[in-house]
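To find a chain, count down the sequence lines: A is the first, B the second, and so on, and within it residues start at 1.
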Amino acid sequence: MINVTLPDGSIKEFESGTTVLDVAKSISEGLARNVISAKYNGTTVETKTQLTTDGSLVLFTWRDDEGKKAFWHSTSHVMAQAIQELYPGAKLTIGPAIENGFYYDVDFGEYKVSENDFKKIEDKMLEIARGKHEFKMREVSKQDALDFYKKENNPFKVELIENLTDGDITFCDHDTFTDLCRGGHIPNTGIIKAVKLMNIAGAYWRGDEHNPQLTRVYGVSFPKQKELKEYLELLEEAKKRDHRKLGKELQLFTFSQKVGQGLPLWLPKGAALRERLENFLKKAQQKAGYEQVVSPHIGQKELYVTSGHYAKYGEDSFQPIKTPSEDEEFLLKPMNCPHHCEIFNSQAWSYRDLPKRFAEFGTVYRYEQSGELHGLTRVRGFTQDDAHIFCTPDQLDEEFKKVIDLVLYVFGSLGFENFTAQVSLRDPENKEKYIGEEENWVKAENAILNAAKEKGLNYVIETGEAAFYGPKLDFMVKDALGRSWQLGTIQVDYNLPERFDLTYKGSDNDLHRPVMIHRAPFGSMERFVAILLEHTGGNFPLWLMPEQAIVLTLSEKYEKYSQKVLNLLENHEIRALADNRSETMGKKIREAEMNKLPYMLIVGEQEEQDGTVSVRKHGGEDLGAMKVEEFAEIINKEINSSLKSFETEV
RNA sequence: GCCGACGUAGCUCAGGGGUAGAGCGCUUCCUUGGUAAGGAAGAGGUCACGAGUUCAAUUCUCGUCGUUGGCUCCA
């Protein structure tokens, strides 16, 4: 007999060899019908797996992430079978489940698959699914596994198996199909009722661009047709929040082929929005002891040779700008830190002066690969809300935590709640990728980890993701389609102070090396506005809105009164405009709604007589008639409730 | 940079080897209105750019540029 511990803590006794499904049945018939995957002692198992030792069991249904993973992973097997049957020369490589579905990387040889093939593959998949084939795991010896794939002439699987240890290799069979697989499947193909191939893309074998490129087929599947339909509708909804679409509609920014790719042009409304964001941060930074500085857009090549950036990125970046006289070369600045180092170097500092916090909305230019450009989130010219803090080693921990407070304040003020803090550390296997001394790296990494812990951040650690000069703490936020973007970032740097020979005089009358913190709460104005657009769908917090209210006149007779209202609104510092066109009220409201105007002030005969405005909120709520002063109060209340001022803990 | 898709009016898109269409927007006129589209007329396009095939190319082929889904990259 074995003891099985369930998630609620209860322990049940079963005969050794009992399957996961039997355990589910012992709990309830309904659960047994719905269980599709499980974990035993932390290892993924199948529903048919026989339990032979004591352990704890977690059962998963389609509702669980783990269940979905098993479902999608199993579907990728089905797709692999379909592809192999339809395109006999195709060589399979790997096919995992991902956050929303699954993919399989396939070498189709000479054949070029396209979306025109999708229908055929989907139909084949559903045909296979309807066969209700069981997924069966079996152990194979390394030699048998290698023989199997050598016979199939599949060098990819052979390579995978060669890296596995004998005795630890399993195959999964269903129907006539066999795949190298670690496990984690649903009971049978029959529960896959709806499949949809989403797109195809190139992907390098093992993620290395020096390797051959495979064809990656993305798909998603569901236990019910209705769920697929809902998922596709959700995607359509998400596309409506795409910042590229909203940016165009709300006239915030544009691009021009003539100006060049990846170089955004901010339109008046976008520029005003951006300015409000900048002022918001400047105000907080002033409270937090930052000082604004300004530096030029170019710098001598020598500056970047000193910083080490030239050696690292020089070849793959915008090339030097020449001058009429020979031997002079300047680079567009790809970051502000070297300039700020020289600002620090402009005078001698005492430890009593530190920390110095130099802030600048610095526009930088980076030659991003053309395939990487993406709306406003990945561009070649952008403005960082940058600052560099120069402090003594003793001050590092506290300064770092203060920056975290500032970032949290910024995110909180703008309603970003679903962010992930990511601590990026060195890859210990590849230390040559980084510059700087071992001792400093250890110090910096510990400082970040301590600060993240102490501030109670919900963080993940990513090894190998550090910048080449130091570890960092990034604040990651997802866009409308679930892609993760880095917004705020805080980085510790012991390297640049060394390279620029930055010093301060300590209490011992000796010169010491300061530590530098790079930080940008927004990350960049471009990316931040983009993600903010996708999160709010263009309905920004009132204080950020390009226009907060619009006066809608019932007819041209009230144009004069609308002007009077506008003047009053301006006195209350409310941004407003008037729509005096000879259009119907219905049409004016519709347009204001589509332009996401937060408040509509309707004026006609009644309002003019009483000296009021009739207030309609975006979305339809009718607040009735009121004096402009009363309206101003509503606006101010709303702004004050979302925009708290930054309080530093000293 | 690599693999795939796309590029037609200001915007969203339809079309297709015989020199172009809709809706919205814009202009003008009529209408003077009460909470998500009042009516009419008009202007607006080297069909991204460059070659090639063809009697004829916006349509087919190739290249360039740009956009886009991924991969790789991200100081």
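The local environment of CD in Glu329(A) is crowded, with over 12 non-hydrogen atoms from other residues, nucleotides or ligands closer than 6.0 Å. Taking a 6.0 Å sphere around CD of Glu110(A), one finds it holds 12 or fewer heavy atoms contributed by other residues, nucleotides or ligands.
Among the candidates Asp474(A), Val477(A), Thr377(A), the single residue satisfying the side chain to side chain contact (heavy atoms under 4.5 Å, CB included) test with Gln486(A) is Asp474(A).
For the pair Asp386(A) CG and rA75(B) P, the computed distance is 13 Å after rounding to whole Å. The distance between atom CZ of Phe255(A) and atom P of rU68(B), rounded to the nearest whole Å, is 8 Å. Counting to the nearest Å, the P atom of rG25(B) and the CG atom of Asn595(A) are 11 Å from each other. Atom pair Leu481(A):CG and rG70(B):P shows a separation of 7 Å (rounding to whole Å applied).
Ion pairing between Glu438(A) and Lys431(A) holds under the 4.0 Å rule for side-chain N and carboxylate O.
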(message) Walk along nucleotides 28-37 of chain B from 5' to 3' and tag each nucleotide B, S or - by protein heavy-atom contact under 4.0 Å, base first, then sugar-phosphate.
(response) ---BBBBBBB
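For Lys124(A), the side chain to side chain donor-acceptor pair (under 3.5 Å) partners are Glu85(A), not counting sequence neighbours.
Separation of the C1' atoms belonging to rA9(B) and rG4(B) is 29 Å when rounded to the nearest angstrom. Straight-line distance between the P atoms of rG23(B) and rG39(B): roughly 12 Å, to the nearest whole Å.
Contacts between residues 212-219 of chain A and RNA chain B, defined by a heavy-atom separation below 4.0 Å, involve Gln213(A), Arg216(A), Tyr218(A), listed by number.
Proximity of the aromatic rings of Phe344(A) and Phe390(A) is defined here by a centroid distance below 6.0 angstrom, and this criterion is met.
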